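Keep in mind that what you see is a predicted model, and the values were worked out from it rather than measured.
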Amino acid sequence: MRRLPIFFVLDVSESMAGEPHAQLQRAMESIVEQLRQDPSALETVHISVIAFAGQVGTVVPMVDLMSFYPPRLPLGGGTALGEALDELMTRIEVDVKKTTPNQRGDWEPVIYLLTDGRPTDRTDAAIKRWRQHYASRAHLIAVTLGGAADTQVLKQLTDDVVSLDNGTGEDLSRFARWVSASVAAQSQALDVGKNAPGISLSKASDVGISLVKDSDAAPIDDQVVVFTGRCHRHKKPYLLKYNAVPMPGNFGASDAQGIYGLEGVYPLGEEYFEWSSESSSKASVSSDQLEGVPPCPHCGAVTTFALCSCGKLMCCNGPGQQTCPWCDANVAFGQGSGGAGFDVGRGQG
């Protein structure tokens, strides 16, 4: 039986933290659950999952649908799209069987690339290699989540760039249904001996997925800012996520020097740093631009926004001496005076 290889290349950068990350996890589970109800898909579909943040990895090697179990998706800092494309091309070479004089190879692989931001690495060489050697023998569909994804870069990869405008849970549920239906239709056609019809985008609009046109404007930068801190008691990391607040006079758009409202604080595991880029962002945000400071998700300290002289954030329970969980220095915090703000290094998103 010839296989139908499906690759999911998923952006798990820190801008996806919180509900979007959980929704993406549920969408993967839903796709698999729905596909397993189709006998033709069970016969032909094989799935692999590649995750990318600042680092890239294949979290599920190519496996048949019945054996596939949706992985626990990681989270990291950075959006290494170029490296993700290199990993995808490597996996196609390794995992997709080629036709030889002695055997028929796999059907044309289908790739779903989901991202919500701009690349933080160089993509030119990987895109050129993709277009020269892979674009004609694989079908890549790029899916943007929210309004900050770089559609101009994605358009260099494929004409099939679609948008989930809000990236909400309902958007991802509709996306899961569309992917399941499209892949099932493809596998059913293959099952009765027809040529591979390809994944059709004609019905995507029926479930609220819009095709991105060449004339569509470039995305607005700085929609999300994130910061990483550590609990001063347990030394466990956490992530603070703020969303841009539209300012009057900007026609609903955000301003790079504007205000960011707190979305939430999320506990992290140490694996976050394994998936983050080794090069740190030089960008910073003033504390005056931020609205809302949550308590520590690990120990309940009243603020997660105390800054050590090493430039790292930690939680703090009020004035007094504390040991920095990053550099082990003794830090004396005084009573907040409500004076001038301070600059804090932000994550790459």
Membership question, hydrophobic clusters at under 4.5 Å side-chain separation (ILVMFWY): are Phe227 and Phe333 in the same one?
no
Shared hydrophobic cluster, Leu42 / Val179 (ILVMFWY, side-chain heavy atoms < 4.5 Å)
yes
Hydrophobic clustering (ILVMFWY, side-chain heavy atoms < 4.5 Å, transitive) - are Met314 and Leu239 grouped together?
no
Heavy-atom side-chain proximity of Arg230 to Lys312 below 4.5 angstrom
no
Let me confirm one number: the OG-CZ distance from Ser180 to Arg36, rounded to the nearest 0.5 Å.
11.5 Å
Just verifying a value: how many Å separate Cys231 SG and His298 NE2, rounded to the nearest 0.5 Å?
6.5 Å
Main chain of Pro71, side chain of Gln25: is a donor-acceptor contact present, judged purely on distance under 3.5 Å?
yes
Glu108 and Leu4 have their tightest heavy-atom pair at O-CD1, 3.7 Å
Quick check against the 3.5 Å criterion: does Asp11 have a side-chain atom that pairs as donor or acceptor with the backbone of Asp116?
yes
Look up atom CG in Leu81 and atom CG in Leu154, then write down how far apart they are to the nearest 0.5 Å.
6.5 Å
For Trp130 and Ala138, which heavy atoms make the closest approach, and how far apart are they?
CH2-CB, 4.0 Å
Testing the basics here: between Thr304 and Leu313, what is the closest heavy-atom pair and its distance to 0.1 Å?
O-CB, 4.2 Å
Decide whether Asp95 and His46 meet the rule of one side-chain donor and one side-chain acceptor closer than 3.5 Å.
no
Min side-chain heavy-atom separation Ile259-Glu291 under 4.5 Å:
yes
Reported CG-to-OG distance for the pair Asp121 and Ser277, which is rounded to 0.5 angstrom
8.5 Å
For Ala80 and Thr120, the nearest pair of non-hydrogen atoms, with its separation, is N-OG1, 4.0 Å
For a 4.5 angstrom cut-off between non-hydrogen side-chain atoms, does Val59 reach Ile50?
no
Return the minimal non-hydrogen interatomic distance between Val344 and Phe305, and the atom names on each side.
CG2-CE2, 3.6 Å
As a quick check of understanding, evaluate side-chain contact (heavy atoms from CB on, under 4.5 Å) for Cys299 and His234, giving each step before the final call.
CA-CA 8 Å; Cys299 73; His234 306 296; 3.9 Å; yes
Close side-chain approach of Leu85 and Met89, heavy atoms under 4.5 Å:
yes
Give the intermediate values and the outcome of side-chain contact (heavy atoms from CB on, under 4.5 Å) for residues Met66 and Asp64.
CA-CA 6 Å; Met66 185 54 71; Asp64 64 271; 3.6 Å; yes
Is the closest side-chain heavy-atom distance between Glu274 and Gln55 below 4.5 Å?
no
Going from CG on Leu35 to CD1 on Ile47, what distance comes out if it is rounded to the nearest 0.5 angstrom?
6.0 Å
Apply side-chain contact (heavy atoms from CB on, under 4.5 Å) to residues Thr158 and Ile111 and explain how you reach the verdict.
CA-CA 11 Å; Thr158 176; Ile111 300 101; over 6 Å; no
Worked check of side chain to side chain donor-acceptor pair (under 3.5 Å) between Glu93 and Tyr134
CA-CA 10 Å; Glu93 290 296 330; Tyr134 295 89; 2.9 Å; yes
Checking the side chain of Lys155 only, and the main-chain atoms of Asp159 only, is there a donor and an acceptor separated by less than 3.5 Å?
yes
Under the criterion side-chain contact (heavy atoms from CB on, under 4.5 Å), I'd like the reasoning laid out for Leu240 against Val226: C-alpha separation, chi angles, the key distance, then a yes or no.
CA-CA 5 Å; Leu240 293 155; Val226 292; over 6 Å; no
Below 4.5 Å, heavy atoms only, C-beta onward: do Thr228 and Leu268 meet side chain to side chain?
yes
I'd like to check Gln23 versus Phe175 (side-chain heavy atoms, cut-off strictly below 4.5 Å). Are they in contact?
no
Look only at the side chain of Ser276 and the backbone of Gly77, and say whether a donor-acceptor pair between them is shorter than 3.5 Å.
yes
Taking Arg2 for its side chain and Gly105 for its backbone only, find out whether a donor-acceptor pair lies under 3.5 Å.
yes
Would you name the heavy atoms of Gln289 and Gly258 that are closest together and state the gap between them?
NE2-O, 2.9 Å
Are Gln34 and Ser30 close enough, and set up right, to give a side chain to side chain donor-acceptor pair (under 3.5 Å), and what steps lead you there?
CA-CA 6 Å; Gln34 292 175 60; Ser30 176; 2.6 Å; yes
Is it possible for you to say whether Leu10 and Val60 belong to one hydrophobic cluster, with membership spreading through side-chain heavy-atom contacts below 4.5 Å?
yes
Group every Ile, Leu, Val, Met, Phe, Trp and Tyr by side-chain heavy-atom contacts under 4.5 Å, then state whether Leu290 and Phe342 land in the same group.
yes
Tell me whether Ser182 contacts the main-chain N or O of Trp178 through its side chain, where contact means a donor paired with an acceptor under 3.5 Å.
yes
State whether the side chain of Arg346 and the backbone N or O of Val224 hold a donor-acceptor pair below 3.5 Å, judged by distance alone.
yes
Donor-acceptor side-chain pairing of Asn102 and Thr100 below 3.5 angstrom:
no
Spatial distance of atom CD (Glu29) from atom CG (Leu24) [nearest 0.5 Å]
10.0 Å
With side chains defined as the heavy atoms from C-beta onward, is the minimum distance between His139 and Pro109 less than 4.5 Å?
no
With Lys241 as partner, the option from Glu14, Glu263, Glu19 fulfilling salt bridge (charged side-chain N to carboxylate O under 4.0 Å, His left out) is Glu263
For Asp106 and Arg3: C-alpha separation, side-chain torsions, deciding distance, then whether salt bridge (Lys or Arg N to Asp or Glu O under 4.0 Å) applies.
CA-CA 5 Å; Asp106 292 332; Arg3 305 183 306 174; 2.8 Å; yes
Can you tell me if CZ on Arg137 sees more than 12 non-hydrogen neighbours from other groups inside 6.0 Å?
yes
Given Phe8, which of Phe68, Tyr112, Phe52 fulfils the ring-ring contact (aromatic ring centres under 6.0 Å, His included) condition?
Tyr112
